[in-house]
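One structure below.
Ligands are counted one by one from 1 in listed order, and the atoms in each one are counted from 1 as well.
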Amino acid sequence: MRKLPFFKICPTASNSVDIIAAVLAENSISTRLIEPTFDNLPLILWRRGVKLAPIHEIDLIKAVGRTALAALLSANPCGALFLVQPNNPTGYTLDADCLAALAESCRDRGITLIIDNSFRFYKRRSFDDYEILVQSGVRFMAFEDTGKVWPTHDLKASLLFCSRDFEQLITSIYNELFLCTSRFSLLLLEQYILGTARVGLSQAVWTTVDERRDVLRRTITGTGLDIDDAALHSVISVEWLDCRQTGLRDLELTRAFASQGLFVLPGRQFFWNSGYHDDKQFNIRLALLRPAEVFKRAMGVIRALGPDIRAIS
Ligand SMILES: Cc1ncc(COP(=O)(O)O)c(C=O)c1O
């Protein structure tokens, strides 16, 4: 992987988002953020005063090839495009060719590309995305996160990278907020990462994610819960479910599940721009990497309800 000379280490991914938001606000860069996505991203961007509009993931999924991607950017004018790769909650990820085409289209239009790589370690076909960004000549900011794979009781680190044009401003904002990173945290995280490297991500992480996903997908058969189309190929540590066929909305279902001890997130929060629309209220997001006992109990709740999910509301 390309060695990038400039980086900052933030305590959490939200801190990286906050610095990026400050850069966008200071330069009055209107930004298009992927929808759906985890709602703390728009919340931080709004808090910093960034002018936000959505870019719909479904349109990105459909825009295959250079011409379609260029047309998508023309139809969605902006100063910056903010993507999450893979996306939380759907797991959708661009491949290397698509990222290269997108980076070049952004460069040609003077659009800054921002990428949240928090879920990077779940990607099965990894490629050198920083090499692609640097080679394209696009203006970019991007960040990493240890927290989605090595939770370590919320001790985490987020590396923040950028193209040359943002180095100065990011440095001054970073210095106002943090100045340095705890060596203790970094040494501890290093041990986790080296331990994972010794056995490989497949054994340390992916096998469990795949087994849990498989169990969940078998458990929901006949319940009215379905895998959302956008998440059919997801390999990340959460599952994005469509609950339309249960007859319940996301909030009704999350409350009903909670009363049985199963905690899931309502989907409308991820539709940060359109969650009030009727048809954006039929998803729930379930975390796959809870402790084994918790996951087993969750599957037990779904299995016991079977086709009666509707009756629990
Ligand atoms: C895609 C994504 N980015 C950033 C964050 C923020 O991470 P943190 O809470 O560790 O700051 C989250 C939180 O879940 C997330 O899902």
Side-chain angles (χ1 to χ4, degrees), residues 8-24 31-48 50 52 54-57 60 80-94 99 113-123 126 129 140-162 173-174 177-178 181-182 185-186 188-189 192-193 205 209 228 230-231 234-241 254 263-273 275 283-290:
K8 296 288 172 200
I9 308 177
C10 297
T12 71
S14 300
N15 298 134
S16 292
V17 178
D18 191 40
I19 292 176
I20 289 171
V23 171
L24 293 170
T31 302
R32 282 203 186 260
L33 173 67
I34 196 79
E35 187 187 45
T37 202
F38 197 67
D39 67 348
N40 92 325
L41 302 184
L43 292 175
I44 294 170
L45 291 157
W46 277 320
R47 175 76 63 201
R48 282 281 187 179
V50 178
L52 269 193
I55 182 151
H56 303 293
E57 185 172 68
L60 190 62
L81 180 66
F82 195 142
L83 302 181
V84 180
Q85 292 284 293
N87 194 16
N88 174 12
T90 61
Y92 179 70
T93 318
L94 297 166
L99 180 66
L113 189 52
I114 301 164
I115 304 188
D116 174 341
N117 288 313
S118 291
F119 282 80
R120 158 185 313 281
F121 293 103
Y122 294 99
K123 265 186 180 175
S126 55
D129 41 317
F140 74 88
M141 292 180 267
F143 58 96
E144 308 292 319
D145 180 14
T146 62
K148 305 297 177 285
V149 170
W150 300 281
T152 57
H153 296 283
D154 284 328
L155 186 152
K156 36 200 172 183
S158 171
L159 269 75
L160 172 59
F161 299 98
C162 66
I173 298 169
Y174 181 85
L177 291 168
F178 304 115
T181 320
S182 153
S185 307
L186 295 183
L188 192 66
L189 287 167
Y192 276 94
I193 293 166
V205 186
V209 175
D228 190 279
S234 176
V235 288
I236 67 172
S237 56
V238 298
E239 190 72 295
W240 183 234
L241 298 168
T254 46
F263 296 96
V264 296
L265 293 179
R268 71 182 69 180
Q269 286 173 218
F270 292 80
F271 290 104
W272 55 269
N273 186 60
N283 285 100
I284 57 168
R285 201 211 70 172
L286 188 144
L288 295 171
L289 290 188
R290 293 271 180 259

Part of Ser118 with heavy atoms under 4.0 Å of ligand 1, whether side chain, backbone, both or neither: side chain
Check whether any N or O atom of Lys156, backbone or side chain, sits under 3.5 Å from an N or O atom of ligand 1, and answer yes or no. yes
Tell me whether Glu35 contacts the main-chain N or O of Asn273 through its side chain, where contact means a donor paired with an acceptor under 3.5 Å. yes
Is Gly147 close enough to touch ligand 1? Criterion: a residue heavy atom under 4.0 Å from a ligand atom. no
Closest protein heavy atom to atom 8 (P) of ligand 1, given as residue, atom name and distance to 0.1 Å: Ser14 OG, 3.5 Å
Between Asn15 and ligand 1, is there a nitrogen or oxygen pair with a distance under 3.5 Å? no
Identify, for atom 1 (C) of ligand 1, the protein heavy atom at the shortest distance, and state residue, atom and that distance. Asp116 OD2, 3.3 Å
Going by atom types alone, do Asn117 and Gln85 pair a side-chain donor with an acceptor below 3.5 Å? no
Report yes or no: does Asn87 contribute a side-chain atom to a donor-acceptor pair with the main-chain N or O of Pro36 at less than 3.5 Å? yes
So, Tyr122 side chain and Lys148 main chain: donor-acceptor pair closer than 3.5 Å or not? yes
Has ligand 1 got any nitrogen or oxygen that is less than 3.5 angstrom from a nitrogen or oxygen of Asp145? no
Which residue supplies the protein heavy atom nearest to atom 7 (O) of ligand 1, what is that atom called, and how far is it? Lys148 NZ, 3.1 Å
Heavy-atom contacts under 4.0 Å between Asn40 and ligand 1: side chain, backbone, both, or neither? side chain
Would you call the rings of Phe271 and Trp240 parallel, tilted or perpendicular, taking 30° and 60° as the class edges? tilted
Ignoring hydrogens and geometry beyond distance, is a side-chain donor-acceptor pair present between Asn88 and Ser118 at under 3.5 Å? no
Do any pairs count as a salt bridge (Lys or Arg N to Asp or Glu O under 4.0 Å) and have a residue in residues 37-46, sequence neighbours left out, and if so which ones? none
Any idea which protein heavy atom is nearest atom 13 (C) of ligand 1, and the distance to it? Phe38 CE2, 3.3 Å
